[in-house]
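Working notes, beginning with the structure itself.
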Amino acid sequence: MARIELLQGTLDMLILRTLVLGPLHGHAIATTIERNSSDILQVDHGSLYPALHRLERQGVITADWGTSENNRRARFYRLTAAGRKRLRVESSRWEQFVGAVTRIMRPAEEG
Amino acid sequence: MSRRYEEGDLDDEVASHLEIETQENIERGMAPEEARYAALRKFGSVALTKELCREARGLASLDRLRQDFRFAVRLFLRTPAFTAAAILSIALGIGVATSLFSVVDTILFRPLPYAAPDRLVALSLQNPTLNLGFDDLPISAGVLRQWRRETATLEQLAEYKPNAIVLTGGAHPERVIALRAAASLFPLLGVKPALGRTYTAEEDQPGRDDVVVIGDTLWKRRFGADPSVIGRTVVLEGRKCTIIGVMPPGFHFPGAGEMPGVFDAFTRPEIWIPLALSPAEAADFANLNHFAVARLRRGAGPGEARAELTAAIERIVRESNDLPPGWNATVVPLADKVAGGVRTGILLLFGAVGLLLAITCANVASLLLSRAARRRGEMGIRLSLGASRLRLLRQVLSESLLLGICGGVGGVAVAYTMVRLLPVAIPPGALPRMGEISIDGRVLAFSLGLTILTALLFGIAPALQCVRAPVGAAVKTGGRSGEGAVGVRTRQALVVGSLAVTLVLLTGAVLLARSFVAVIRTPGGFEPDNLLTANLPMAPGKYGNWRVRIHHVREIVRRCENVPGVQAAGVIDLLPLTGENNISNVTAEGVPVVDRRRPPVAEFRGVTPGYFRAMGIPLKRGRLFNGRDTGDSPPVGIISETAARRLWSGIANPVGRRFKRGEDPKAPWVEIVGIVGDVRSSGLETEPRPQIYRPYEQDSRMEVALAVRFAPGARELPPAIRNAIWSIDKDQPVEHVLPMREVVAESVAGRRFRMLIFGLFGGIAVLLASVGLYGVVSYTVALRTHEIGLRMAVGATSAAILGRVLNEAARLALLGGVLGLAGAYAATRFLSAFLYGVSATDRTAFAIACGLLLIVVLAASWIPARRAAQTDPVAALRCE
């Protein structure tokens with residue numbers, strides 16, 4: 001299956017979703033997304049960090065330095081309360097979006 | 001909370017990510033190198049990511065600005081010489097401009113420190129028909145009284161009259177400048193005393209006027225700032241008076257500028273005394289000896305007041321016979337009167353400073369451009385990595401802003417120092433309201449605005465450079481070649497501009513210098529060397545009686561003549577070149593008045609017989625005064641050559657003819673006994689007016705000046721003279737003991753100051769322009785190192801290379817010179833009011849200025865030219 005590139009807004013939402021279960025460092029976030037999508041979604045590692053920093057500036061995630069599994073120094077990101085709220089909003093909007101597009105693409109089901 | 005995210009953190013984070021990925025790749029079975037390579041490939045461009053992260057972190061604009069500034073600071077610290085040079089030049093330019101602005105602001109813009117200053121006007125008279133040569137005549141008390149009674153446009157009026165009085169009692173007699181003022185002056189100006197009170201209208205009458213108000217400087221100097229000074233008595237001219245009030249510091253009404261010619265450098269009123277006019281004096285229409293300030297009624301304009309006052313005085317002319325016709329009242333806003341004389345001069349200086357600042361900006365812009373050219377490579381790479389041009393532009397501009405701000409702060413320090421030094425540098429009295437000049441909020445705001453403006457001005461060029469940086473080319477060549485061309489053109493243009501502006505300033509300075517020399521070289525009609533002068537004010541209490549006075553003066557002259565080393569001594573009531581005057585109409589017997597509208601006038605002086613010899617004024621015809629011309633002998637007079645020519649024109653030898661002062665038929669005729677050479681008593685620049693001398697014994701005034709000619713090499717003269725005078729009267733003030741040369745120098749102090757300031761500006765401009773030229777020429781030489789090496793390799797001599805470089809510099813200079821000449825031609829007309837003996841387009845001055853510029857250009861381009869000529873061709877060819 002071809003790997004599909006992610007749009008920026010979608011990447012933001014996925015990052016937030018990934019962090020729900022707990023803090024992760026940047027590399028782990030990327031691999032989690034890829035793994036959970038069965039490798040369909042391709043995360044450009046280079047654009048991950050700008051996205052992370054943008055989200056950090058917006059205050060929906062915060063970060064602290066820590067040690068990774070293999071004893072390397074890494075920066076761990078964590079959801080904030082604002083981040084949870086944002087995730088809820090984005091999720092519902094996404095579902096509406098997907099629902100609407102699906103209805104258009106498969107009009108037969110309407111009838 | 002997390003600490004600030006630093007640039008280093010970003011590096012760490014990315015490195016950490018790559019390590020983790022590499023590790024995973026190794027665990028998947030790749031070789032370490034391959035693992036790393038795969039990780040990098042998956043990541044994409046590290047540099048781009050970092051750039052995007054920086055963008056994404058966005059940071060508030062303030063944070064971004066902080067980052068830019070920190071970056072700029074590091075950059076500037078790496079090149080301390082450049083930074084210091086740039087900041088210093090900016091500080092100098094802004095500092096000088098700011099100080100001048102504070103002067104301009106105080107004198108021209110700030111309202112006078114009195115109540116409702118916009119309605120305050122100065123009143124004076126003019127009468128073109130009287131040919132007195134002045135436009136601003138004082139007013140008589142009678143006219144003022146009438147004006148006060150009859151006019152509706154004036155809400156309040158206060159008359160005053162300057163006076164020099166002698167304060168005795170206490171340590172030493174002191175002559176202070178006093179103002180006899182109507183009681184209404186203080187409420188009119190709205191200034192309250194710092195201690196005590198001012199006098200009332202009841203006290204402003206003869207007999208009840210033994211009260212005085214003293215000024216702050218007198219209070220500090222003579223009374224040690226003692227707060228219990230109220231109620232103390234002082235002896236004024238032999239009369240006991242009580243001090244009832246002390247005025248606040250800075251109150252000097254009228255100060256310099258408000259009565260030019262009467263109050264000057266050394267004279268500002270320190271004590272205010274009731275005018276106390278007797279009924280006879282108050283009704284006197286004919287003697288013009290009062291000044292007046294008034295407040296207009298709300299809604300009335302100076303024009304209305306002028307019409308009303310002129311009509312009133314015309315009524316007086318009709319109804320009484322005391323005044324000739326033809327008067328116009330002059331009503332001028334007080335602020336204009338104060339500022340008027342110096343307005344042009346100050347604005348001119350301001351313009352010159354503006355030019356100087358422009359050269360400074362050009363220089364700094366040029367320096368920044370050379371750096372921008374070197375950073376083209378860096379810029380190009382960043383652009384190709386996706387950094388927005390806006391980002392780069394912002395960074396370059398913030399560098400310029402930082403430089404500007406540092407320069408601006410330095411400039412405020414410079415301005416502060418300059419304003420502190422003003423009272424020392426400027427001849428006192430040359431500028432009105434000098435005590436008020438300070439660095440206040442308005443001035444600081446101006447400084448800030450100017451700083452930002454200059455930062456933008458010199459920041460634009462390098463900013464444009466980086467915005468237009470071609471991306472591809474820079475990256476390919478690693479940023480070296482091609483960087484020169486565009487930047488160099490702009491820099492050359494800037495240098496040409498600086499040279500042009502410098503030439504304009506130089507021309508101005510040379511013109512002023514030539515004027516000054518012309519004035520100084522003008523013979524005054526006397527011999528200024530080996531001549532000592534002193535002021536001898538006499539207390540009316542002691543010397544009110546004219547016989548006592550004459551005897552006193554005679555004794556003084558006799559004792560001075562006996563001092564060893566003295567060749568001649570004489571006394572005159574008004575020394576030449578000291579500003580005061582005594583002018584009257586002259587009726588020449590038997591000479592019909594040619595033009596009724598221009599009756600003859602002359603300057604009158606009272607002198608002792610030895611005066612002419614002491615001053616070195618030549619006798620042309622007839623005789624000088626001698627011991628036989630006393631107060632009881634027939635009235636005699638000596639006239640000047642101009643008087644003979646103008647008043648007795650057509651008569652070959654006026655000696656023996658008679659004249660009288662004024663037109664009173666009862667006044668006695670005076671016989672002319674001699675003709676002497678002209679003396680430029682009003683100023684070296686002013687054509688001598690007709691002068692008439694009378695023996696002091698026949699026309700004695702209360703204040704005289706001593707002139708003593710001594711043998712060259714005579715020493716310790718001043719103390720000997722003082723002792724001689726004090727041996728007659730130990731309370732006789734002997735003031736301003738100065739060689740005549742210094743009196744002459746003081747009379748041209750204003751002109752000298754202007755010349756020096758312009759010279760200073762010209763010098764600074766020359767310095768700045770030559771630094772700019774040096775920079776550009778060195779730069780082009782460095783760029784062309786390879787080419788020079790090539791030329792030398794194929795046979796060009798050192799001299800030829802030298803010639804080429806000088807040639808290029810000369811082309812810039814020529815262009816700048818031509819522009820400068822055109823600019824000077826247009827601009828020097830603004831100087832014409834200050835020129836003497838030279839026209840604004842004086843060829844010699846222009847030639848001198850061009851010559852100076854040429855020397856400077858040669859000097860500035862010599863060093864880089866020599867360096868070019870000494871290039872080692874082998875090394876040059878190797879360098880790319």
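Every chain is numbered from 1, with letters handed out A, B, ... down the list of sequences.
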- Check A/Asp44 against B/Phe43 and note the closest heavy-atom contact, atom names and distance. OD1-O, 3.6 Å
- Query: After noting the C-alpha distance and the side-chain angles of B/Glu24 and A/Thr31, does the key distance pass the side chain to side chain contact (heavy atoms under 4.5 Å, CB included) rule?
  - Reply: CA-CA 11 Å; B/Glu24 287 189 3; A/Thr31 35; 4.1 Å; yes
- Interatomic distance, A/Asn71 atom CG to B/Gln23 atom CD [nearest 0.5 angstrom]: 11.0 Å
- Answer yes or no: are there more than 12 heavy-atom neighbours, outside A/Arg17 itself, under 6.0 Å from its atom CZ? no
- Taken to the nearest 0.5 Å, the spacing of B/Cys53 SG from A/Arg57 CZ works out to 12.5 Å
- Do B/Lys42 and A/Glu34 meet the salt-bridge criterion of a basic N to acidic O distance under 4.0 Å? yes
- Out of curiosity, B/Glu19 CD to A/Ser68 OG, how far, rounded to the nearest 0.5 Å? 9.0 Å
- Message: Could you check whether atom CZ of B/Arg41 has more than 12 heavy atoms from other residues, nucleotides or ligands sitting under 6.0 Å from it?
- Response: no
- Rounded distance (nearest 0.5 Å) linking atom CZ of A/Arg75 with atom CG of B/Leu10: 9.5 Å
- Of all heavy-atom pairs between A/Tyr49 and B/Thr49, which one has the smallest distance, and what is that distance? CB-CG2, 4.3 Å
- Could you walk me through whether A/Arg73 and B/Ser16 pass side chain to side chain contact (heavy atoms under 4.5 Å, CB included), step by step? CA-CA 7 Å; A/Arg73 191 165 173 260; B/Ser16 149; 5.8 Å; no
- Message: Quiz question: by atom type and distance under 3.5 Å, do the side chains of A/His27 and B/Glu13 form a donor-acceptor pair?
- Response: no
